[in-house]
Amino acid sequence: MTAYGSFPGSRPRRLRTTPAMRRMVAETRLHPADLILPAFVREGIDEPVPIDSMPGVVQHTRDTLRKAAVEALEAGVSGIMLFGVPEESKKDALGTPGTDPDGILQVAIRDVRAEVGDDLIVMSDLCLDETTEHGHCGVLDSEGRVDNDATLERYAEMAQVQADAGAHVVGPSGMMDGQVGVIRDALDQTGYEDVSVLAYTAKYSSAFYGPFREAVGSSLKGDRKTYQQDPANTRESLRELALDLEEGADMVMVKPAGPYLDILAKVAERVDVPVAAYQISGEYAMIQAAAERGWIDRDKAIMESLTGIKRAGANMILTYWATEVARQL
């Protein structure tokens, strides 16, 4: 005890006393512009189809997708990431709907661009898993393994048709070696130097993808452990990061977000390009399910999870709550 004060002399709680005080000194702030809305569009349906494992998320029709894009734009969301779900009969070994100019994803890109122009960034998933009969992210060889280099040829074609359709950004998510470089070259050689590449740099083989498989009508047989990253590894993600940057990635991503915040922080510390994180279907489903059972406060859990992702270093967050959260912000 002294004449000038009492123990403890340092009281951090002074900066937590009121909501106004906490808001003033907050170190991390979410903004609608941080958010990107992933959206699914399904071929051959007249009404949106609810996704059972992702309550509140649907497979859109072309019309409802356009409406969702406008709503996202009006809420202040920066972008929309499109995933196309073709009719089952159109899937084949090569994922032909992925390079068909009239494939559902390319049609959806054109629809959304016609609706929002350049006011909302239109992103396209550049991967074969939604369009192949075997559900893998690439072409299979004679022994049933994903053929890396044959797949790259398909990715180059996909990049061109997606750019033709109007994508501002392509997001190669297949985790093939060399994919960013091949896609960048394909875009540059066809006059699409301004189309950006969002590299799925650290995409882990995760149990949290389960609901997404329902969302895209996946035909996956087996698993993707030979090309997606092992959850046990950190250095591997930094090696992938170096390669993607060398190959010309404009932005990089960590996926999933929540279980890999340590990876996200390491990536953010090392780069001078924008960093994205994808709060994936399983992360969404866990909060929704727990909230439905009354175990957690849904809205507070959503905001806390997104704040944690932003605090770890994400400049952009892909989340199925993008439009809802943007309106609240």
Side-chain angles (χ1 to χ4, degrees), residues 35-75 77 79-91 97 103-109 111-112 115-116 120 122-125 127 129-133 135 171 173 206-220 255-258 278-303 305-306 317-328:
L35 305 177
I36 297 166
L37 176 68
F40 307 102
V41 57
R42 179 174 168 182
E43 189 173 25
I45 57 173
D46 298 321
E47 298 290 338
V49 176
I51 300 168
D52 291 340
S53 56
M54 299 177 68
V57 179
V58 301
Q59 293 173 326
H60 284 287
T61 68
R62 291 174 59 187
D63 287 339
T64 63
L65 177 66
R66 285 192 287 262
K67 180 180 178 182
V70 171
E71 290 174 347
L73 172 60
E74 291 174 345
V77 170
I80 185 168
M81 173 65 82
L82 301 179
F83 297 88
V85 184
E87 293 178 345
E88 194 69 25
S89 62
K90 294 183 178 179
K91 295 181 181 181
I104 183 59
L105 179 54
Q106 288 69 251
V107 169
I109 294 168
D111 285 345
V112 174
E115 198 72 35
V116 302
L120 184 72
V122 178
M123 303 178 169
S124 54
D125 178 55
C127 194
D129 59 323
E130 294 99 350
T131 59
T132 53
E133 60 193 10
S173 59
S206 173
F208 293 96
Y209 294 134
F212 180 90
R213 305 265 165 85
E214 177 190 352
V216 297
S218 175
S219 305
L220 180 64
K255 181 182 181 182
Y278 197 147
Q279 185 181 54
I280 67 170
S281 60
E283 299 175 72
Y284 175 94
M286 286 192 301
I287 291 177
Q288 289 286 127
E292 287 179 2
R293 288 160 176 77
W295 294 342
I296 60 173
D297 183 310
R298 176 186 179 275
D299 292 350
K300 290 180 179 178
I302 292 170
M303 287 298 187
S305 67
L306 293 172
I317 304 172
L318 288 83
T319 175
Y320 299 98
W321 290 301
T323 302
E324 175 187 342
V325 168
R327 287 170 174 161
Q328 294 175 12

Taking the side chain as every heavy atom from C-beta outward, state whether Glu133 and Glu88 have any atom pair closer than 4.5 Å. no
Less than 4.5 Å apart, side chain to side chain, heavy atoms only: is that true for Val107 and Arg62? yes
What heavy-atom pair brings [X] and [Y] nearest, and what distance separates the two atoms?
X: Ala326; Y: Val77; result: CB-CG2, 3.7 Å
X: Glu71; Y: Thr323; result: O-CG2, 3.9 Å
X: Pro211; Y: Phe208; result: CD-O, 3.9 Å
X: Leu120; Y: Ala69; result: CD2-O, 3.6 Å
X: Gly258; Y: Glu283; result: N-OE1, 2.7 Å
X: Pro256; Y: Ile280; result: CG-CD1, 3.4 Å

Rounded to the nearest 0.5 Å, what separation is found between the [atom1] atom of [X] and the [atom2] atom of [Y]?
X: Ile296; Y: Met286; atom1: CD1; atom2: CE; result: 9.0 Å
X: Thr131; Y: Ile104; atom1: OG1; atom2: CD1; result: 12.5 Å
X: Gln106; Y: Asp111; atom1: CD; atom2: CG; result: 11.5 Å
X: Ser124; Y: Leu82; atom1: OG; atom2: CG; result: 7.5 Å
X: Asp129; Y: Ser173; atom1: CG; atom2: OG; result: 6.0 Å
X: Leu105; Y: Phe83; atom1: CG; atom2: CZ; result: 9.5 Å

Assess whether side-chain contact (heavy atoms from CB on, under 4.5 Å) is satisfied between Val112 and Leu65, documenting all intermediate values. CA-CA 8 Å; Val112 174; Leu65 177 66; 3.8 Å; yes
Which residues pass the salt bridge (charged side-chain N to carboxylate O under 4.0 Å, His left out) test with Asp63, sequence neighbours left out? Arg66
For residues 35-46, run the donor-acceptor check on the side chains, cut-off 3.5 Å, and write out each pair with its distance to 0.1 Å, sequence neighbours left out.
unit_1	atom_1	unit_2	atom_2	d
Arg42	NH1	Gln59	OE1	2.8
Glu43	OE1	Glu87	N	3.1
Glu43	OE2	Lys90	NZ	2.7

I would like to know whether Gln279 and Ser305 meet side-chain hydrogen bond (donor to acceptor under 3.5 Å, both in side chains); could you show each step before the answer? CA-CA 9 Å; Gln279 185 181 54; Ser305 67; 2.9 Å; yes
Checking Glu324 against Asp299 for the side-chain contact (heavy atoms from CB on, under 4.5 Å) test, could you report, in this order, the C-alpha distance in whole Å, the side-chain angles of both residues, the deciding distance, and whether it holds? CA-CA 10 Å; Glu324 175 187 342; Asp299 292 350; 4.0 Å; yes
Looking at Val70, is its backbone amide N or carbonyl O close enough to the side chain of Glu115 to form a donor-acceptor pair, meaning the two atoms are under 3.5 Å apart? no
Please name all residues satisfying side-chain hydrogen bond (donor to acceptor under 3.5 Å, both in side chains) with Tyr320, sequence neighbours left out, ordered by chain then number. Tyr278
Any pair with a residue in residues 48-73 that passes ring-ring contact (aromatic ring centres under 6.0 Å, His included), sequence neighbours left out, goes on the list, sorted by first then second residue, please. none
Kindly indicate, with the supporting measurements, whether the criterion side-chain contact (heavy atoms from CB on, under 4.5 Å) is fulfilled by Tyr284 and Thr319. CA-CA 8 Å; Tyr284 175 94; Thr319 175; 5.7 Å; no
Quick one: side chain to side chain contact (heavy atoms under 4.5 Å, CB included) partners of Met303, sequence neighbours excluded? Leu30, Val325, Gln328, Leu329
Could you list the donor-acceptor pairs under 3.5 angstrom formed by side chains in residues 287-294, with sequence neighbours left out?
unit_1	atom_1	unit_2	atom_2	d
Gln288	OE1	Arg298	NE	3.0
Gln288	OE1	Arg298	NH2	3.2
Gln288	OE1	Trp321	NE1	3.0
Gln288	NE2	Pro55	O	3.4
Arg293	NH1	Ala289	O	3.1

